[in-house]
Amino acid sequence: MKSTIATTKNSLSLPWKTRVSLWVLDTAINLVLRKDGTVNRGLLKLVDLRSQPSSEPINGVKTYDVVVDPTRKLWFRVYVPTQYAVEEVPVMVFFHGGGYVAMSPDSKIYDDVCRKFARELPAVVVSVDYRLAPEHRHPAQHDDGLDVLKFLDNEDNQSKWLPEYANVSRCFIAGDSAGGNMTHNVFQRASQFNFQRLQIIGLVAIQPFFGGEERTDAEIRLNGSVPNLSLKQTDFFWNAFLPPGDPYKRDHPVINVSGPNGVDISGIDFPPTLVVVAGFDILRDWQIKYYQWLKKLGKDAYLVDYPNMFHGFYLFPEVPESDQLISHVKDFVHKVLIK
């Protein structure tokens with residue numbers, strides 16, 4: 001898998017259906033995010049369409065929900081590819097995006113994406129419903145992510161909740177946007193824990209939500225001219241995510257992971273990592289910086305660049321690059337599995 005940083009066109013060309021969907025989404029997000037730093041959950045429910053689990057296979061995948069801790073409403077949805085019932089498949093633990101303040105595994109757009117991953121890789125996908133900000137601030141989300149890994153490491157939980165052909169010793173952590181941020185930070189914490197069965201062998205960070213006090217070229221150049229994400233929104237998300245009065249602000253070690261306050265991972269046995277970026281994403285420079293940081297530290301990292309795409313493009317199935325992303329992740333997973 002070759003890593004290259006591609007040249008971006010001057011303007012974004014998208015199908016009309018995607019443009020309309022993005023306009024509706026942008027309008028809804030700006031209405032949902034209140035000036036006082038809270039989120040209008042009632043309004044959010046009107047635009048965040050949900051999907052029920054399906055015990056009967058849909059497109060070759062059946063799903064069901066598992067509760068980890070009812071007291072904090074921590075649960076995950078399992079996606080089981082039914083056509084591979086006699087073959088051993090890896091497990092992919094997936095963290096959804098939404099700026100740490102929105103979305104869920106049963107959000108239709110994420111249900112559709114995880115179903116595709118399960119079918120095409122193939123893999124048993126575990127999509128985690130972590131707690132959201134600002135009602136629950138850092139480190140609640142990363143606590144939830146780590147606790148799901150611990151839950152899956154337990155032999156009784158495995159036998160009860162995962163199909164017998166799901167191999168937790170071949171586990172990938174994946175996520176997009178805020179979930180891409182979690183991919184790095186949850187693994188970093190998991191590397192300090194002694195798992196008995198679960199072994200993380202690869203990370204997939206899709207347009208990960210990183211940042212810092214500095215404003216990058218992409219943030220300045222693209223802000224206000226690209227869909228699906230703006231500096232106003234990212235600032236809101238980080239303010240909702242961080243505990244009040246946090247001294248680091250956007251240079252917090254879990255936000256600017258490769259910055260001056262970041263955790264030193266040079267001594268960590270870091271797994272192969274796929275980083276996905278896009279040309280019309282204001283977070284592009286932070287994501288490329290993350291990839292380059294991993295390479296500088298001698299980690300096995302790969303970059304896939306979609307120069308003519310925007311933040312969250314893979315959630316829109318009518319965009320050809322959406323299927324291309326699935327193929328790139330599939331290639332990466334297979335590359336890691338045959339090592």
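Along the sequence shown, residues carry numbers from 1.
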Is a donor on one side and an acceptor on the other found under 3.5 Å between the side chain of [X] and the backbone of [Y]?
X      : Y      : answer
Asp176 : Gly97  : yes
Asp129 : Ser104 : no
Asp153 : Gln196 : yes
Lys330 : Pro122 : no
Arg170 : Val91  : no
Thr183 : Gly179 : yes
Glu120 : Phe117 : no

Check: Does Lys289 count as lying over the ring of Phe210, i.e. NZ or CZ under 6.0 Å from the six-ring centre, within 45 degrees of the axis?
Finding: no
Looking at every heavy atom in both [X] and [Y], which two are closest together, and how far apart are they?
X      : Y      : result
Ile268 : Asp264 : CD1-O, 4.4 Å
Ala178 : Gly99  : CB-N, 3.8 Å
Ile282 : Thr216 : O-OG1, 4.2 Å
Asp305 : Gly279 : OD1-N, 4.2 Å
Ile326 : Leu121 : O-CD2, 4.4 Å

Please identify each residue that fulfils side-chain hydrogen bond (donor to acceptor under 3.5 Å, both in side chains) with [X], with sequence neighbours left out.
X      : answer
Thr63  : Ser54
Arg197 : Glu155
Asn185 : Asn181

Next item on the list: Assess whether salt bridge (Lys or Arg N to Asp or Glu O under 4.0 Å) is satisfied between Asp246 and Arg137, documenting all intermediate values.
Entry: CA-CA 11 Å; Asp246 180 89; Arg137 296 176 183 263; over 6 Å; no
Is [X] atom [atom1] crowded by more than 12 heavy atoms from other residues, nucleotides or ligands, each under 6.0 Å away?
X      : atom1 : result
Asp269 : CG    : no
Gln192 : CD    : yes
Lys62  : NZ    : no
Tyr248 : OH    : no

Tell me whether the rings of [X] and [Y] are parallel (<30°), tilted (30 to 60°) or perpendicular (>60°).
X      : Y      : result
Trp238 : Tyr100 : tilted
Phe209 : Phe237 : perpendicular
His138 : His252 : perpendicular
Tyr290 : His184 : perpendicular
Tyr110 : His96  : tilted
Phe270 : Phe187 : perpendicular

Mind checking whether [X] and [Y] have side chains closer than 4.5 Å, heavy atoms only?
X      : Y      : result
Val93  : Leu152 : yes
Phe94  : Val204 : no
Leu315 : Phe313 : no
Asn59  : Arg119 : yes
Met92  : Val124 : no

Nearest 0.5 Å, what's the [atom1]-[atom2] distance between [X] and [Y]?
X      : Y      : atom1 : atom2 : result
Tyr306 : Tyr314 : OH    : OH    : 11.0 Å
Met103 : Leu132 : CE    : CG    : 10.5 Å
Leu337 : His334 : CG    : NE2   : 6.5 Å
Asp147 : Arg72  : CG    : CZ    : 4.0 Å
Phe151 : Gln158 : CZ    : CD    : 10.0 Å
His142 : Asp144 : NE2   : CG    : 10.0 Å

Would you call [X]-[Y] a salt bridge at under 4.0 Å N-O?
X      : Y      : answer
Arg250 : Glu214 : no
Arg284 : Asp217 : no
Asp156 : Lys160 : no
Arg215 : Asp235 : yes
Asp143 : Arg189 : yes

Taking atom types as modelled, find out whether [X] and [Y] have a side-chain donor-acceptor pair closer than 3.5 angstrom.
X      : Y      : answer
Asp251 : Asn256 : yes
Gln233 : Asn30  : yes
Asp281 : Gln207 : yes
Asp48  : Ser107 : yes
Ser177 : His311 : yes

Establish whether [X] and [Y] are linked, either directly or via other cluster members, by ILVMFWY side-chain heavy-atom contacts under 4.5 Å.
X      : Y      : answer
Leu149 : Phe95  : yes
Leu231 : Ile220 : no
Leu294 : Val263 : no
Leu43  : Ile109 : yes

Check: Which one of Asp111, Asp112, Asp106 satisfies the side chain to side chain donor-acceptor pair (under 3.5 Å) criterion with Lys108?
Finding: Asp112
Checklist line | CA sep, side-chain torsions, deciding dist, call: Asp69, Arg131, salt bridge (Lys or Arg N to Asp or Glu O under 4.0 Å) | finding: CA-CA 11 Å; Asp69 182 356; Arg131 286 171 290 177; over 6 Å; no
Margin query: So, applying salt bridge (charged side-chain N to carboxylate O under 4.0 Å, His left out) with Asp300, which one of Lys339, Lys335, Lys295 is it?
Written below: Lys339
Item checked: Validation row, ring centre Phe316 to ring centre Phe310 under 6.0 Å -> yes
Note to self: Evaluate Val125 against Val78 for side-chain contact (heavy atoms from CB on, under 4.5 Å), listing each step before the verdict.
What the structure shows: CA-CA 6 Å; Val125 176; Val78 184; over 6 Å; no
